[in-house]
Amino acid sequence: MLVLEFLTGSLSGSRTILTNPAVRIGRAADCDVRFDEQLGREVSAHHAQLVQDGEDWVVIDTSSTNGTWVNGERVSKRRLETGDVLLLGGEQGVRARVEVRRNQATPLAGRPSAKTEPGTPLPLPGDLGPLFDQVKGKPDTQLVRAAEATTQKVAAERARVGGQRSGKTLGFIAVAMHEIQATTRSRWRKIVALVAAAGVVAAVVLGGVILVQRREIDRLVLQKRGIDQQIAAVQAAMITEVDPDRLSALEGQLVDLSGSATDTLGELARHDQKKAQELEQSGDDLDRAIRHILEKFDAHTYAVPPVFREALEAEIGTLTHAGNLRVVYARRNRYWPVIQREFSALGMPEEMAYIAWAETQFDPDAVSSAGARGMWQMTASTARELGLVVDDRVDERIDVPKQTRAAARKLANLLAEFGADSFMLAMASYNRGEAGVRRALHQVAQEKDGFRREKRDFWHLYRLKRLPAETMDYVPRVLAAAVVCNDPARYGLPAP
């Protein structure tokens, strides 16, 4: 059990006792703990979740705008203890004092024959004993634990009221159903059959619980589809919007909606893990290819901007219809072992190396009008800074292994500066220079909470049109090569 004593906000002065294993907090109508729209503006629509973990409770920030804080420290996930002060939003947000109550079991007060020593399993009433006989030795250990816990609770409650039916069996069974996450239909049927075989009158009720469960899954699926439609509408509005204030407001809506969609998926997973995974992996092959790359860099975003996706599709089309595609692909395969060796030595995903495709199509003899040279297009000064020899007699920029090692070092430096989750900023900075990206970040830093991770995120900057135009063009060009080479057969190319 968790108790929140609200110190500020629209619920100030009240206490809320939480017993459900997962509680949503925010301003949205579907939140379990809801704050007034006007008195809780620092709180996001779907701000955080409180989740029970055994006898403990954990607070999880669900992509809130102004953050979730525990004892003055901003957190994304944190185990709570009695006395902690939870703050939702900034300084003007909602504060609540936390009390975690453990071991809240009701003492037994049954007949003398039902008295037991602490830790000793209660004797089961006659109509519950067969339940254990049928699940013992079954490989489905989760089912065994659920059956054992439920029957013990029923037995304890009957003992407390003198051996009569307590009227609480349905509640205990419903709790057990909730605790068995990602349960398949066959397992539901198995539990119903076991309870029915035991002669428990709640068998019919369990059938109703299953029906409610399926209806809840359908409701969550429809809810997520509705949120996705709202996200699409907001993204469409952001494409043509140029006013910074309106763009920022749309971004706030998008963040809230994305948090709601993520919450819905999480709730659905507790009912049906397979269905949640199906929805999470929905979309076409390009959507899945993008997610695959982003996951490597912890750069996941719930909703890829449609403008970005269109630019990526266009770059893939240009690349795959080029007359020299097979020649460039063969050149890539020739140098790829060297690239893999140097990039893996620094622990970098190899997708970063497709900068060489965007720069020179893996041509080690390429020379630009600005004097950049080699597969990785380095100026003489940049090459020297990275330890290469460039003078009147030697130019190590045309040495593929040495220049590749230097390029890997430069990209590692950029990732360290911008963050792995903003790897696309690092990609663009390699060619276009760090100055433009730094300027965008410095502008954001002057805004409230602009120094925080979520405000420095590539997608945040992209949607708000804060990035240089060349950056917005260059990143899809690099990723297009990665998408094609990660699935060469789809694009008519031989395996490496």
Side-chain angles (χ1 to χ4, degrees), residues 44-47 61-67 76 224 227-263 265 280 282-283 286-287 289-291 293-295 297-315 418-429 432 436-480 483:
S44 296
H46 294 86
H47 194 102
D61 184 270
T62 51
S63 301
S64 68
T65 301
N66 297 313
S76 58
K224 181 186 176 295
I227 295 172
D228 287 343
Q229 290 174 356
Q230 295 178 62
I231 287 175
V234 172
Q235 286 184 315
M238 294 183 80
I239 292 174
T240 56
E241 186 58 69
V242 294
D243 181 78
D245 291 336
R246 286 198 288 268
L247 258 180
S248 182
L250 288 169
E251 170 76 353
Q253 293 179 34
L254 183 61
V255 169
D256 285 347
L257 288 168
S258 297
S260 298
T262 302
D263 289 350
L265 275 175
E280 195 169 10
S282 61
L286 183 56
D287 289 324
I290 295 172
R291 283 196 294 264
I293 294 174
L294 297 183
E295 286 168 0
F297 294 89
D298 192 25
H300 174 74
T301 181
Y302 181 81
V304 172
V307 175
F308 183 91
R309 183 195 153 96
E310 288 174 6
L312 180 57
E313 283 183 305
E315 292 292 346
F418 298 122
D421 54 332
S422 288
F423 75 102
M424 290 172 281
L425 295 181
M427 281 181 171
S429 297
R432 305 300 181 178
V437 175
R438 287 198 187 105
R439 278 195 298 272
L441 292 174
H442 291 173
Q443 289 172 359
V444 173
Q446 305 310 307
E447 302 169 4
K448 182 180 179 182
D449 293 333
F451 59 90
R452 298 199 180 282
R453 177 175 177 269
E454 60 269 22
K455 295 295 181 69
R456 296 167 54 85
D457 177 67
F458 172 85
W459 297 115
H460 178 78
L461 297 173
Y462 190 96
R463 289 189 293 258
L464 292 185
K465 302 178 174 66
R466 297 291 185 84
L467 295 173
E470 59 267 23
T471 299
M472 300 176 77
D473 294 336
Y474 186 77
V475 172
R477 192 170 308 142
V478 176
L479 293 187
V483 169

In Å, rounded to the nearest 0.5 Å, how long is the span from [atom1] of [X] to [atom2] of [Y]?
{"X": "L250", "Y": "Q235", "atom1": "CG", "atom2": "CD", "value": "11.0 Å"}
{"X": "M427", "Y": "L479", "atom1": "CE", "atom2": "CG", "value": "5.0 Å"}
{"X": "I239", "Y": "K465", "atom1": "CD1", "atom2": "NZ", "value": "8.0 Å"}
{"X": "L254", "Y": "T301", "atom1": "CG", "atom2": "OG1", "value": "7.5 Å"}
{"X": "S258", "Y": "D263", "atom1": "OG", "atom2": "CG", "value": "10.5 Å"}
{"X": "L467", "Y": "M424", "atom1": "CG", "atom2": "CE", "value": "10.0 Å"}

(request) For L312 and A480, work out which heavy atoms get closest and say how close. (result) CD1-N, 3.5 Å

(request) Check Y474 against A428 and note the closest heavy-atom contact, atom names and distance. (result) CD2-CA, 3.7 Å

(request) Give a yes or no answer on whether the side chain of S44 reaches the backbone of D256 with a donor-acceptor pair at less than 3.5 Å. (result)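 Pair absent, no side-chain N/O of S44 close to backbone of D256.
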
(message) Any non-hydrogen side-chain atom of M238 less than 4.5 Å from a side-chain atom of L247?
(response) yes

(request) Could you check if a side-chain atom of V234 sits within less than 4.5 angstrom of a side-chain atom of Q230, using non-hydrogen atoms only? (result)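 Heavy-atom side-chain distance check fails, nothing below 4.5 Å.
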
(message) One pair to check against side-chain contact (heavy atoms from CB on, under 4.5 Å): L425 and L461. What are the steps and the verdict?
(response) CA-CA 10 Å; L425 295 181; L461 297 173; 4.1 Å; yes

Can you name the side-chain contact (heavy atoms from CB on, under 4.5 Å) partners of [X], sequence neighbours left out?
{"X": "A289", "result": "V483"}
{"X": "S429", "result": "L414, F418, E434, V437"}
{"X": "P244", "result": "none"}
{"X": "Q229", "result": "none"}

(request) Specify whether Y462 and F458 have parallel, tilted or perpendicular ring planes, treating 30° as the upper limit for parallel and 60° as the lower limit for perpendicular. (result)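 It falls in the tilted class, 30° to 60°.
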
Among all residues two or more places apart in sequence or in another chain, which pass the side chain to side chain donor-acceptor pair (under 3.5 Å) test with [X]?
{"X": "E447", "answer": "R466"}
{"X": "Y302", "answer": "K224, D228"}
{"X": "R463", "answer": "E251"}

List in chain and number order the residues that pass salt bridge (Lys or Arg N to Asp or Glu O under 4.0 Å) with [X], two or more places apart in sequence or in another chain; answer none if no residue qualifies.
{"X": "E313", "answer": "R309"}
{"X": "R246", "answer": "E241"}
{"X": "D61", "answer": "none"}

(message) For R438, is the CZ atom crowded, meaning more than 12 foreign heavy atoms sit under 6.0 Å from it?
(response)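 Enclosed: over 12 neighbouring heavy atoms sit under 6.0 Å from CZ of R438.
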
